[in-house]
Structure formats: C-alpha cells, structure tokens
Engineer: 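One structure is given below, represented as structure tokens, and several questions about it will come after.
So you know, we letter chains A, B, ... as the sequences are listed, proteins then strands, and number each from 1. The model shown is predicted, which means the values in this text are computed figures rather than measured ones.
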2 protein chains.
Amino acid sequence: MSPHSRPIVIAIVEDHPIVIEGLRKILSRDLPVQEIVEHHTGAGFLRYLASNKQTLDVVLLDITLPDANGVELCAEIKRLSPGTVVLGFSNHSDRSLVLQLLSQGASGYLLKNATAAEIIQCITEALQGQISFSDQIKQIIAKPSANQLKPIPPLTKREKQVLRMIADEKTSTEISEELMVSPFTIETHRRNLMQKFGAKNVVGLIKIATELRLL
Amino acid sequence: MSPHSRPIVIAIVEDHPIVIEGLRKILSRDLPVQEIVEHHTGAGFLRYLASNKQTLDVVLLDITLPDANGVELCAEIKRLSPGTVVLGFSNHSDRSLVLQLLSQGASGYLLKNATAAEIIQCITEALQGQISFSDQIKQIIAKPSANQLKPIPPLTKREKQVLRMIADEKTSTEISEELMVSPFTIETHRRNLMQKFGAKNVVGLIKIATELRLL
DNA sequence: CAGAATCTAATGGAAAACCAGTAGAAAAAA
DNA sequence: TTTTTTCTACTGGTTTTCCATTAGATTCTG
C-alpha cells in the first residue's frame, strides 16, 4: 500500500474538462502514476469500477456531478471496492458534507482551489491509510464556524409545509384557510419553526431555510 | 486584431491552481500564444494591467475571486484598457450576472465546465470582435427562464443599507436607532423597497434580494 | 398497548409590519 | 442654477407577527 511500492492507478471522476486537464498535468508530474482514468459521470465510472476493482488505487471524486449524488456515489464505490481510496473533490466547503462523505468511507476531501502540493500530499497520505484534507478543509473541520455548525433542525411534515407557504409570502390567515385549520394553529407552527431555527423573525427563518436549501 | 496576425498575450485571473493548469495546457496547445500571464487576485491583476495595457489581448476573468467583485473588476479593466478583450469565466450560470458583465464591456462568458474546443472558439471569436459564449450560456441567454428574467431594481445607497439591516433580522426601530433617524423614515424605506421588488412582505424582499445576490 | 411526537387550538396581550398619503430638506444631476 | 432624486419625517390607521403558556386530539412507534 505504500505509495512507492508500485506506480499507482488514479481515476478522476469529474465533468469539467479544464479541471481534468489541470489534474492530469499535476498528477503525472508529481506522482508515480501508472495510469490516469477519467470519467465524466457517476454511472460511467461505476461501470468501469465493476471490472477494475483490483487495480484502481485512488478516485478523485467530484461530489457535484450532473448525474449523481456524491455522497451516495462514494458509498457505492466503497461497497464495490473497499480497497479503493476515495477522495472527495469539490468547491463546496460544507462541514456537514465533508463529514457525511467521511462517514461513507472517503479517505479525505480536497477543495478545488487547493494547490498542486496539497493535492499530491493528500493523495500520498490517503494511500498510506491516513485521512487527509486540503488546508482550508482542515480549518473548517477543526474550527466549525458559526454558520456551518448548525445542524439541520428536524422539521415535521406540517412544519415543512407551513414553512414553504410562509416563503410564498402568505400570511398565517391565508395559510390557515388553505390548510383548513385555525389561524392559531399556524401561529403555533410559525413560532415552533422560528424556535427550531433560532430565528428572531420570519426574515431569519427564510434566510436559514434558503441556506439549508429547504425551499 | 485577427487572431492569426500575431501571437496573443492572455491573462488568467483565477485563484484555483488546478483550473489555471488546465487552462494553460489547453491555451498553449490550441492557440498561437505568445505569453500566458496568471494572477490570483483582482488587485494584483489591476497592478499588472496598469503597465501592460498595450500588450494584453485577452483576460479570462473568474468573476468569483476572493478579493473582488467580478462585475466591478470588469468595468475597471475596460476603463484602464478598452482594447483588452474580457471574457467572464465562472461556475455561475446566472442570466442577470452574464448580462451585467456584458454591460460592463465584457466580450463573452464561459462556464467552467466548457470543453477545450468551446474555450478556444470563444476566445477566437472574441478576438475577432464578436460576442461569444460557451454552449450552456448561449441557451441560458436565449431562453430566459422565469426566475432569471426579473431585472435588478435600482436601489439607492440608503435602501441597500436598510435592506442589509432588515436581512440581519433587525426591526425598524433598531435600524432607526443605529442610523440615528426616525423610525418613520425606516418604515418609508421599507415600503419603498417592497414596492421596488414587487414583494408582498419582508419574506418576498429577502427572497428576491437573496436571488439577486444583493445580500 | 402505552408513551412519545405531532398536530391542533386557544387566551390575551405587546410589538412590529404594512398601508396611503403628504411634504420639507439635502444632495446629486442636468 | 434649476431640476430631479434621495432622504427625511409625519398622521392615522389596519393587519400581522411575535410572545408565553396551556392543553386536547391524533398519529406514530417501541
């Protein structure tokens, strides 16, 4: 498993041609690579992986592919080929996303703005069995800054429904009529929502819900 | 001005090392380049431009730099060096953003997922004096989907300031105290803002402002 | 089935937002 | 220097949101 024991095989799963070119250059220059495989879709890569489990050492996995969810794809890769090292690779510096990916068996995470040195180091460390991150990600993991620490509060079905209607600029009365319940009920939902989100008023509610992509 | 009259000088203003590597490779392979300059910050590039207006043919400008607003940077570039062709280059496929950039003198716009061929074609066409886009952007420009058509209402300085404070969950009274004016004044600003945005209440205000990236 | 979670509803009151209009002072643009 | 825009401020409202708390009914789950 040592990175110098034999030339390594790397897969790039990524749909940005420029990024692929850049990675190819850096990897072939600074690592003892035997082969660099590239795939532009999750589905295509999984097909490839099925018949190449034995030989593939590392995957650089863009977690925002057009055809697949990165986290699920990672899980699938590790299920098919537990020996392959998966490194997340994306623009999103989302703490929870990184942790989700790790929980699915990834060995690390690189931001796309990482330097060549960071990428090489990350791959090398991951091949040695370590968990490894690019510098910015290290900071985000270590020091969870305010806006990244907030866990997604668990909302009930009704609350999600009401939240969406609030976001549609409806008043509590309008919502209550549409849902055929008392306006008091909606007021209660509204307050519970704000409490769960830690918002001071609707403005905070909408902002946070937007951030968490709940709308 | 013909692209084949002489080797061209290209600047890449971009902070992702991998993307820079990829671009360098593609550009030097497929275009008659004399020189590829790279800058990682808007400020640094402007300093370079000041003493190299004459020679610089094209700028590939990442509009999401850490230190600068892409649209304003574009305007500044065209002011300093009207002869330099500016091409926007980013992940954002925002119709209004593209149009804003064009209105500031840009000659085109490329998405980062563009192929090598698209990039080369775009640069070539732009050098010939045309406006040019990568394929996905062409579609977005041509077929403005509902949510991308709304024009940015012109806000006054004070209105922007108040809008930001509303988005910070502050009440009119709090804002009025902070700005040392009457709460009535803030109420008026608030109403004018909603009117300009065509919003029914603050919720709409915040949603639209978020969409338009005014926060 | 029993306990937990969710949805429902209410009281009663305070604060904030929203509405329509008016209008003077200050600053910016023509 | 006019003209226009922006910022300011007010009257006198109505509507809506926000707060604290309680509690029955229903639905889900161990």
Engineer: What nucleotide among dT17(D), dA16(C), dT8(C) has an atom nearest to a side-chain atom of V181(A)?
Structural biologist: dT8(C)
Engineer: Would you mind reading off the distance between I186(A) atom CD1 and dA9(C) atom C1', rounded to a whole angstrom?
Structural biologist: 11 Å
Engineer: Roughly how many Å is it from NE2 in H189(B) to C1' in dC10(D), rounded to a whole number?
Structural biologist: 14 Å
Engineer: Which of these nucleotides, dA17(C), dT17(D), dC10(D), is closest to any side-chain atom of E187(A)?
Structural biologist: dT17(D)
Engineer: Would you please say whether a donor-acceptor pair under 3.5 Å links the side chains of H40(B) and E38(B)?
Structural biologist: yes
Engineer: Please tell me which of the listed nucleotides, dT16(D), dA9(C), dA17(C), lies nearest to the side chain of T171(A)?
Structural biologist: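 Among the listed nucleotides, the one closest to the side chain of T171(A) is dT16(D).
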Engineer: Among dA9(D), dC19(D), dT17(D), which nucleotide sits nearest the side chain of R191(A)?
Structural biologist: dC19(D)
Engineer: Would you mind classifying the nucleic acid contact of T185(B) as base, sugar-phosphate or nothing, using non-hydrogen atoms under 4.0 angstrom?
Structural biologist: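 Result for T185(B) = base.
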Engineer: Whether the R164(B) and Q161(B) side chains hold a donor-acceptor pair (N or O, under 3.5 Å, no angle test) is what I'd like checked.
Structural biologist: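 No, because no side-chain N or O of R164(B) sits under 3.5 Å from a partner of the opposite role on Q161(B).
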Engineer: Between M194(A) and P154(B), which is nearer to the 5' end of DNA chain D once each is assigned its nearest nucleotide?
Structural biologist: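 Final value for this comparison: P154(B).
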Engineer: Give the rounded distance in Å between these two atoms: CD of E169(A) and C1' of dT17(D).
Structural biologist: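 So the two atoms are 15 Å apart, to the nearest Å.
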Engineer: For L163(B) and dA17(C), give me the distance from atom CG to atom P, rounded to whole Å.
Structural biologist: 14 Å
Engineer: Could you tell me the separation between the CG atom of L205(B) and the C1' atom of dA17(C), rounded to a whole number of Å?
Structural biologist: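 Result: 12 Å.
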Engineer: To the side chain of R158(B), which of dC18(D), dC18(C), dT8(D) is closest?
Structural biologist: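 Of the candidates, dT8(D) comes closest.
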Engineer: N192(B) has an atom CG; how far is it from atom C1' of dA9(D), in whole Å?
Structural biologist: 13 Å
Engineer: Would you say D67(A)'s side chain and G42(A)'s backbone share a donor-acceptor pair under 3.5 angstrom?
Structural biologist: yes
Engineer: Once you round it to whole Å, what is the distance between P of dT6(D) and CZ of R190(B)?
Structural biologist: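 Whole-Å distance recorded here is 20 Å.
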Engineer: Give one of base, sugar-phosphate or nothing for S172(B), where a contact means two heavy atoms less than 4.0 Å apart.
Structural biologist: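 Here S172(B) touches the backbone only, sparing every base.
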Engineer: To the nearest angstrom, how far is L179(B) atom CG from dC7(D) atom P?
Structural biologist: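 The answer, rounded to whole Å, is 11 Å.
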Engineer: Would H16(B) and N91(A) count as having a side-chain donor-acceptor pair, cut-off 3.5 Å?
Structural biologist: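 Yes, N91(A) and H16(B) have a side-chain donor paired with an acceptor closer than 3.5 Å.
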